Each structure stands twice: as structure tokens, then as C-alpha cells.
Chemist: 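Quick one: structure below, then a few questions.
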Amino acid sequence: GKAEPRPRYPRSLPSLPIIGSLLHLTDNCQFHLLLHSLQKKYGSLYSLQMGSQYMVVVNHYLHAKEVLLKKGKTFAGRPHTVTTDILTRNGKDIAFATYSPHWKFLRKQVHASLSMFGKGTLALEKIICREAASLCESLSSFQDTLLDMAPELNRAVTNVVCSLCFNSCYRRGDPEFEAMLQYNEGIVNTVGQKSLVDIFPWLQVFPNKDLALLRSCIEVRDQLLQKKFKEHKKALGSDSVNDLMDALLRVQLNMENNNSQLALPLELTDDHILMTVADIFGAGVETTSTVLKWAVLYLLHYPQVQRKIREELDQKIGFERHPQLSDRQQLPYLEATISEVLRIRPVSPLLLPHVALTDTSIGEYTIRKGAQVLVNLWSLHHDEKEWDKPEEFNPGRFLDEEGNRIYSPSPSYLPFGAGSRVCLGEALAKMEIFLFLAWILQRFTLEVHPGQPLPALEGKFGVVLQVQKFKVKARLREAWRDGM
Ligand code: HEM
Ligand code: PLO
């Protein structure tokens, strides 16, 4: 036969003394920025060794599309990591589970349920608007005082996913809600990429502060989940399927009754149901609330953008009625602003890590089975060849000369990923972000105290790109001053 061509591997970073290179990575928490800047020296595709893990970093959209779309199935694996294995009971969820018949099956079920509850899109719209109204009411009670909007935004989004997952919601000050805020924060701060134990698994044999925090947060989460699970199991006798947990329990029941009809001997355990709901709940809350915080922060920095959105709202909706989903086409500037927020501060700057399931390649480079692939979305969204002044916040990029929406001004834009691991919540997230922002900006002007410095635009890298805490004044607009 023909001789195999010699494999060409991606250029690799020099193996620095392990601890040194690591401290470098963790000290400078902005891992995505570091990986972005390493392109200058190593090119857009390079590899590095983290502990025992070989990683390939992709910084160009052509390579990203090869990994996610063209070879999506080959790269659909996920790594095992200490923290996510604890979080998901060894990958019994969707996001952190590697490619398997279980993952495929769960993804399909959740997709079906979400689009079912979404198709009562009207029902979903009603839920979001109920929360938007309650959010606006809270904001107006804080009139003219400086307010950290994060907990308010968080409650609004939490209640939307809570309705979807559990058919329930929280009132302000509910102790269960406060507990949830806290454990979510703990988990976001300890899980994933940044964690030393994920780079050096043997570190978990030593007492580890982060790991202890993670475990205690997960314990609180599990108690909460277990309670919901019991309630739902009890009520399953009745016919109605009201939420995601009901839907998954129903699937489980059907499988137990006629398992023989399935081609694969799949089992849907209670753990699978719990971890999957926890995934959707966690993803639903942390992503959407993060985007809303980034949007508010950018609107403070760019008052002219805020003014333009308000003008558009006044013109197309006015003050006699509430914004609704069917207004989306009519509000291209608001839609463009949302697209720009998702570009400039991607929620998930390195997506979630992918793993090559077989020997394969990216471009002309050989990639071995088991290699971890990080797609640096930050690099895609800040590529100077694709975006004019990438650090400038400019919703106008997503509009043509007449102000009509351009769906994709550059192919180097993938805020929700793509392919077989694409985000499951894109439609939901976009509905929420649109409605919440439209409601808020129809009623309020967002500002800081004159003379006060503006809160910084630097994010904090983690499993989501977090916003630093900041305060705003939500001033009720003239038209709404005498009662709403
Ligand atoms: C995965 C972005 C909201 C559920 C992802 C990924 C990204 C992403 C980049 C990883 C893709 C990959 O690994 O290649 C976003 C953004 C959101 C958002 C920007 C908000 C604007 C949501 C919401 C939900 C959700 C609201 C829940 C309903 C998920 C799930 C996965 C995922 C379950 C894992 C999919 C898998 O691994 O198979 N998302 N997401 N996301 N997202 Fe979202
Ligand atoms: C958020 C904190 C929760 O307590 C647990 C959780 C579950 C799913 C995760 C989510 C967290 C963060 C955002 C993630 C989501 C799955 C997909 C999503 C990572 C850790 C993104 C943006 O990829």
C-alpha cells in the first residue's frame, strides 16, 4: 500500500515547569485572553499540556466550524473532570456528559419538552411577561437609589426556568430562593476550567477549600432537587404533564412499561432525571442573567445606544401597551444590541471543552483520539480581520444602511456554539433577553450617579464569563411617573 503521510501536529507551547505554567494560568484568571494572545506567537491553532491533559486550542472560525459542524460527531466528546463529575454524578446530565446513547437520548427528550412548552410559546411568553412586570415593579420601588440589579434580574430568570422545570416560582425574599442564589454562586466559582483539581486530579486527596465549597453547595442543591422530585413523583398519577420534570418522569414510566420496543437497552434512572433537570435549571439561570447584566452594563457605558433603543420602543410600541414577542421584527436596533452583547462578551468564552472520539484532524493537523479541544469563542468574536475595532460596542454592525437587521455580518460569530453540541436553550434565552430588556427600557432610564466612575467592563473568566458587581439607578421615565 501507499505510505501514510507523516502526521503533522499543532505547534505546542513549550512545556514550562509544570507549577510555573499553571500559576501563570490561574493567577491571570482570564484564561480566554491568555489563549487569545498566545496566537501571536504560536498561530491560531496550537496545543498545550495541562497536567496530564493534552489540549488543542482553536482560535479561527474555519477551524471552529470544522470541529463543531463538519466533524461535529467526531468532536462531540466531553472530558471527565473532578469537579463536573461531582456536579453531575459522573456525567448523568447533558452538558458535561460525553457522547453516548444516554446523552443523545436525554438531549432529544429535553429538546422535545422545551419546544413543547415553548409552543405553547404563548404560555411561555405569558410567564416571561409576568416576571418582567414583577421585575419592573421591584425596580420602581428602588426609584432613584443605587441598586445592584443582579438579584432582581436573577429572580426574574430563575422564575422563568422554574416554571419550565418545576411549574413553580419564587416570591421576593423566599429563603429557598436565597439559598439557590448562594449555591449557584458557589458552583459557578468552583466548577470547570479554572479549578486546579481538574488539572491535577491527584490534588483531590488533599484537603481542598474549593472542593469542600463545591461539595457543600451541591448538597444544598440536591436537597432542593430531591424535594421537587418527590412532589412530582407523587403527582404523576394525574394525566397532565406540566413541566420538564413531569415529562422526564413520564418517559421513564413508559420505558419501564415497554422497554422491549427500544432498540437500545437504555435505562433512565432517577439520577439521570435529576441531573438533567439540574443542568437545564443551572444553564437557564446563569447564562441568561449574565447576558442581562452585561447588557445593562454596556447600556450604562453607551448612553447613546440606550437612547436609540428607547426611541425605537417609543416609536413602535409607545406607552399604551407592553412589549411582546411579535414586536421583535419591529425592533431591529434592540435585536442588534443583543447580538452585539453576545459578541463582545460571550457567555461561554471557551464553549465547553470538546474531546476527539477518534483519531482525526483539524485543517492539515493531526489530532489524536482523546485530545481535548478548546474553541476560543473570544478569539472568533474579536478577530480583527472579521470585526472592525472589535473592542468597540457597536450594535450598528448588525444592521444594514437602512437599519434592517443583518443576521450575520461575519461567519466568525457563534455565541451559542454549533453542531451536535449546540446550545439547547438558544430560543428560550433570546425570548427572555428581548422581553426583559424591552420592558425595562420602555419604563426606565439606566444611569450611574453623575461624576461616579463607570463600572469596569472586564469579565471574570469561569464556566460563564461573569460580570463584576455594580450598581445602577433605574429612573422611571416621565410617561410612567404617575402610576403604571
Ligand atoms: C451549551 C451558550 C442559554 C442550555 C451551550 C454552549 C454554549 C451555550 C456556547 C456550549 C456549546 C459547545 O460546547 O459546543 C449559551 C448562551 C446562552 C445560553 C450564550 C444565553 C444567551 C441557555 C439556556 C439553556 C441552555 C437558557 C437552558 C434552557 C444548554 C445546554 C447545553 C448548552 C443543556 C449543553 C449542550 C450539550 O452539551 O449537548 N450553551 N447558552 N443554554 N446550553 Fe446554552
Ligand atoms: C451553573 C451553576 C449551576 O448550579 C450548575 C450549572 C449547570 C449547567 C451549566 C451552568 C452551571 C453554567 C453554564 C453552562 C451550563 C451548561 C451549559 C452552559 C456551562 C455550572 C454553557 C454556557 O455552556
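As the structure is a computational prediction, the values presented were derived from the model and not from experiment.
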Chemist: Check whether any side-chain heavy atom of Arg345 lies under 4.5 Å from a side-chain heavy atom of Tyr298, and answer yes or no.
Modeler: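 Yes - at least one pair of side-chain heavy atoms lies under 4.5 Å apart.
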Chemist: Would you say the side chain of Trp480 lies within less than 4.5 Å of the side chain of Phe319, judging by non-hydrogen atoms?
Modeler: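 Answer yes - side chains close enough.
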Chemist: Would you mind reporting whether His60 and Ser379 have side-chain heavy atoms less than 4.5 Å apart?
Modeler: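 Side-chain contact under 4.5 Å: no.
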Chemist: Please determine whether a side-chain nitrogen of the Lys or Arg among Lys308 and Glu311 lies less than 4.0 Å from a carboxylate oxygen of the Asp or Glu.
Modeler: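 Here Lys308 does not pair with Glu311 in a salt bridge, since their nearest N and O are not under 4.0 Å apart.
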Chemist: Is a side-chain donor-acceptor pair under 3.5 Å present for Arg172 with Ser138?
Modeler: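 Yes, Arg172 and Ser138 have a side-chain donor paired with an acceptor closer than 3.5 Å.
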Chemist: So, the side chain of Arg475 versus the backbone of Glu447: is there a donor-acceptor pair under 3.5 Å, distance only?
Modeler: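 Not a single qualifying donor-acceptor pair exists.
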Chemist: Going by heavy atoms in the side chains, are Ile344 and Glu392 under 4.5 Å from each other?
Modeler: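 Answer no - side chains too far apart.
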Chemist: Just by modelled atom types, is the Gly318 backbone N or O under 3.5 Å from a matching donor or acceptor in the Asp314 side chain?
Modeler: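 Pair absent, no side-chain N/O of Asp314 close to backbone of Gly318.
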Chemist: Are the charged groups of Lys293 and Asp148 less than 4.0 angstrom apart, N to O?
Modeler: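 No, Lys293 and Asp148 are not salt-bridged.
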Chemist: Go through the side-chain N and O atoms of Asn59 and Ser44 and say whether any donor and acceptor fall under 3.5 Å apart.
Modeler: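 No pair is found: no donor N or O on one side chain lies under 3.5 Å from an acceptor on the other.
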Chemist: Side-chain contact test, heavy atoms from C-beta onward, threshold under 4.5 Å: evaluate it for Lys460 versus Leu465 and give yes or no.
Modeler: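 When only atoms from C-beta onward are counted, Leu465 and Lys460 do not touch, as no gap falls below 4.5 Å.
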Chemist: Ring of Trp103, cation from Arg78 - is the NZ or CZ under 6.0 Å from the centre and inside 45° of the axis?
Modeler: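 No, a cation-pi geometry is absent between Arg78 and Trp103.
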Chemist: Look at Asp359 together with Arg368 and state whether they make a salt bridge at an N to O cut-off of under 4.0 Å.
Modeler: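 Here Asp359 pairs with Arg368 in a salt bridge, since their nearest N and O are under 4.0 Å apart.
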Chemist: What I want to check is whether the side chains of Glu386 and Ser412 have a donor and an acceptor closer together than 3.5 Å.
Modeler: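 Checked: Glu386/Ser412 side chains show no N/O donor-acceptor pair below 3.5 Å.
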